[in-house]
Amino acid sequence: MPEMPEVETLCRQLRNKICQKKITGCRMDDAKLPAMKNLEGKEVIAVERRGKTICLSLDDESFIKIHLRMSGRLLWVEEAIKPKYVRWTLRFSDGKILLIDPRRFATVNLQKTNRESLKNDLMAGFDEKRFLESQAKRKVNIKTLMMDPKAMAGIGNIYACEILHRSKISPFRKADALTPSEWRCLFKNAKIIMKEAIEKRGTSISDWRDLYGRKGEYQDELQVYGREAMPCRICGENIVRVKQGSRSTYYCPCCQK
DNA sequence: AGAACCGCCTGCTTGC
DNA sequence: TGCAAGCAGGCGGTTC
């Protein structure tokens, strides 16, 4: 499932592929998605990531917002092929972008404003002081907090598990019990892991593919996610999986306190 | 107000 | 083998 590194990978590839190009057509193939009329002739002037949202800025000051949710993918296609589960097509003169989404959770829409904040995006304008003022007193599990998009945008289940493991913090700890040095450690490792995962073009543990259909390589670096009953690469203790809310959390009971 | 829970979706895996 | 149940989970909305 696409999280920040995967969405960032797509944004970088989209930027190279469609900036300064004019849209030549748009087609919805899912009645759930809103019709987006009169896109023909508009030019894409920028591609931005805000949390896990992809923003295509157009030359008339409107924005196409794409959120891939669980199973969404974007694929650049130049030939006349038609994969399964195509929900939306955006055409350019030299090819087209397909939104492929078996589970139909992904959303696409046209907006007049770009109001997603960057202040809670770890790799953009993240404001640690502001974050701690608003979040550090909360009585939720630290892992739940990390996955709250209003608190920390872009972190999903895989990277939340990985960041906590590298920070040696138990996923059961309440946010209001973390010490200042633990928060610093968490922010630092989150940024490091995001950077490493972006360099590897994301984690293809299941169906993630980049704009050109290629797998990422960060799945080879995972320390805990998907490694239930396998030995921790740090201490050798078996990795444990538990349910937190409705989500699987993987952690090392020996390393993470 | 804040924490917990629900519903949207459907392909794939597991169990009888 | 076949079918049903269970699972994957981001996130906005609802409930407690």
Side-chain angles (χ1 to χ4, degrees), chain A residues 1-11 28-34 49-55 65-75 83-88 98-109 111 113 115-117 119-123 131-164 171-178 190 194 197 202-209 215-216 219 222 224-229 239-251:
Chain A
M1 51 246 57
E3 300 182 32
M4 182 209 286
E6 291 76 23
V7 176
E8 178 65 27
T9 297
L10 279 178
C11 283
M28 287 296 176
D29 288 299
D30 185 342
K32 256 186 81 173
L33 296 172
R49 181 186 60 75
R50 303 254 172 142
K52 295 180 193 163
T53 302
I54 299 167
C55 304
K65 302 286 180 76
I66 305 165
H67 198 302
L68 299 171
R69 308 276 167 159
M70 304 296 303
S71 60
R73 291 172 48 195
L74 295 180
L75 184 67
K84 273 187 166 179
Y85 316 121
V86 173
R87 309 300 183 194
W88 177 59
L98 306 179
L99 169 62
I100 299 171
D101 185 24
R103 292 171 64 184
R104 302 173 64 211
F105 279 172
T107 55
V108 187
N109 56 70
Q111 293 180 10
T113 56
R115 67 174 89 85
E116 282 87 0
S117 171
K119 290 199 169 55
N120 56 1
D121 189 316
L122 274 166
M123 300 306 276
F131 175 91
L132 290 173
E133 284 165 5
S134 63
Q135 304 296 329
K137 293 191 291 283
R138 290 181 60 184
K139 298 181 190 308
V140 288
N141 293 328
I142 180 59
K143 191 203 172 215
T144 303
L145 177 64
M146 290 170 73
M147 292 175 63
D148 177 349
K150 291 188 196 67
M152 218 182 247
I155 311 284
N157 203 29
I158 297 173
Y159 294 107
C161 292
E162 294 297 316
I163 292 163
L164 286 172
F172 303 116
R173 295 278 299 285
K174 303 292 183 197
D176 68 354
L178 264 63
M194 292 296 112
T203 300
S204 291
I205 201 165
S206 56
D207 48 10
W208 157 251
R209 299 292 184 278
K215 289 187 173 190
Q219 62 276 16
L222 296 178
V224 287
Y225 188 88
R227 300 193 68 245
E228 183 180 18
I239 301 299
V240 171
R241 169 159 75 148
V242 294
K243 282 278 182 188
Q244 283 187 302
S246 61
R247 296 168 184 96
S248 285
T249 294
Y250 298 85
Y251 74 107

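Chain letters run A, B, ... following the sequence lines, proteins first and then strands; every chain starts at 1. Computed from a predicted structure; not experimentally measured.
Of the residues in residues 134-147 of chain A, those with a non-hydrogen atom less than 4.0 angstrom from any atom of DNA chain B are A:Arg138, A:Lys139, A:Val140.
At a threshold of 4.0 angstrom between heavy atoms, the contacts of A:Lys84 with the nucleic acid are absent. A:Tyr159 comes within contact range of no nucleotide atom at all, as no heavy-atom separation falls under 4.0 Å. In this structure, A:Lys174 reaches neither bases nor backbone, as no heavy-atom distance under 4.0 Å exists between it and the strands shown. Note on A:Met70: a base of the nucleic acid sits closer than 4.0 angstrom, heavy atoms only.
The interatomic distance linking A:Tyr225 (OH) with C:dA8 (P) rounds to 8 Å, in whole Å. Spacing between atom CG of A:Asn109 and atom P of C:dC11 amounts to 14 Å, rounded to whole angstrom units. Rounded to whole Å, the distance from CG on A:Asp101 to P on B:dC12 is 14 Å. In this entry the distance linking CG of A:Leu99 with C1' of B:dC9 reads 14 Å, nearest Å. The nearest whole Å value for the distance from the CD1 atom in A:Ile100 to the P atom in B:dG11 is 14 Å. To the nearest angstrom, P of C:dG10 lies 14 Å from CE of A:Met4. In this structure, A:Arg247 places its CZ atom 11 Å from C1' of B:dA4, rounding to the nearest Å.
At most 12 heavy atoms of other shown residues, nucleotides or ligands fall within 6.0 angstrom of atom NZ in A:Lys139.
Salt bridge present: A:Arg49 and A:Asp121 bring a charged side-chain N and a carboxylate O closer than 4.0 Å.
Within 3.5 Å, no donor on the side chain of A:Arg104 pairs with an acceptor on the base of B:dC9, nor the reverse. Contact of A:Arg103 with C:dA8 (side chain to base): a donor-acceptor pair of N or O atoms is detected under 3.5 Å.
The phosphate of B:dG11 (OP1 or OP2) has a side-chain N or O of A:Tyr85 nearer than 4.0 angstrom.
You'll find that the side chain of A:Lys32 is closest to B:dC8, out of B:dC8, C:dC11, C:dG12.
Distance CG/A:Leu145 to CE/A:Met147: 11.0 Å, rounded to 0.5 Å. For the atom pair A:Trp88 CH2 and A:Leu33 CG, the distance stands at 9.5 Å (nearest 0.5 Å). For the atom pair CG of A:Leu10 and CD1 of A:Ile54, the computed distance is 5.0 Å after rounding to the nearest 0.5 Å. Put simply, OG1 on A:Thr53 and NE2 on A:His67 are 4.5 Å apart, with the number rounded to the nearest 0.5 Å. A distance of 12.0 Å separates OG1 in A:Thr9 from CD in A:Glu3, rounded to the nearest 0.5 Å.
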